[in-house]
Amino acid sequence: MADPDDLLIKADALMGRNHPGRAPARPYAEIPVLEEVVDFHPGIDDLPLLTEYVVTKPLDEEQIEALAAGIRVSLLADLQPSIDALIEQRLRDELAPMVERVFDGLRGELHVLAREILNDAVHAAVEQELDRRKRPG
């Protein structure tokens, strides 16, 4: 069986002939390896510890209202894009068909009105022409 490094070198050389600007691959021996050993001493601990106790008093009504107002403003600011998108979607889904029905009804009424106006105009024009032809002239 062929040596894997030898096969890789040959494949790399073949690819280098077809792609001259390509840099040759490095052999596996040049892959970086972590060699530094870290000693852990369980007795030496630099982790920060909570050593202070904070005693808080209950909030009064004014502080609660101020906190609630701040939370409302923050939530509305965060949720506003979602609220706007939801309103836009609901308007599209519910209002658009309603407006379309109103326009369809209005379109039908306008069509009937236009027919009546045209019919009256044609009738008046025919009457005028008949009157003109009846007069001696």
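Numbers for residues simply follow the sequence, beginning at 1. What you see is a predicted model; the values in this text were computed from it and never measured.
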Residues two or more places apart in sequence or in another chain: which of them pass side chain to side chain donor-acceptor pair (under 3.5 Å) with E94? R90

Salt bridge present between D131 and R135 (N-O < 4.0 angstrom): no

What is the distance from atom OG of S82 to atom CD1 of I87, rounded to the nearest 0.5 Å? 11.0 Å

List for me each residue that meets side-chain contact (heavy atoms from CB on, under 4.5 Å) alongside V126, sequence neighbours excluded, and say none if there are none. V122, L130

Kindly state each residue pair satisfying side-chain hydrogen bond (donor to acceptor under 3.5 Å, both in side chains) with at least one member in residues 96-115, sequence neighbours excluded. D104-R107, H111-R115

Sorted by chain and number, sequence neighbours left out, side-chain contact (heavy atoms from CB on, under 4.5 Å) with E116 holds for V112, L113

All side-chain contact (heavy atoms from CB on, under 4.5 Å) counterparts of D60, not counting sequence neighbours: E62, Q63

Who are the side chain to side chain donor-acceptor pair (under 3.5 Å) partners of D93, not counting sequence neighbours? Q89

Common cluster, L86/L79, ILVMFWY with side-chain heavy-atom separation under 4.5 Å: no

Applying side chain to side chain donor-acceptor pair (under 3.5 Å) to H123 and not counting sequence neighbours gives none

Approximate separation, where rounding is to 0.5 Å, of I64 CD1 and L67 CG: 8.0 Å

What residues, two or more places apart in sequence or in another chain, satisfy side chain to side chain donor-acceptor pair (under 3.5 Å) together with D84? Q80

For L76, check side-chain contact (heavy atoms from CB on, under 4.5 Å) against everything at least two apart and list the hits. I83

Return each pair, listed once, that meets salt bridge (charged side-chain N to carboxylate O under 4.0 Å, His left out) where at least one residue sits in residues 68-83; pairs must be two or more places apart or across chains. none

In this structure, would L110 and I117 fall into the same cluster of hydrophobic residues linked by side-chain contacts under 4.5 Å? no

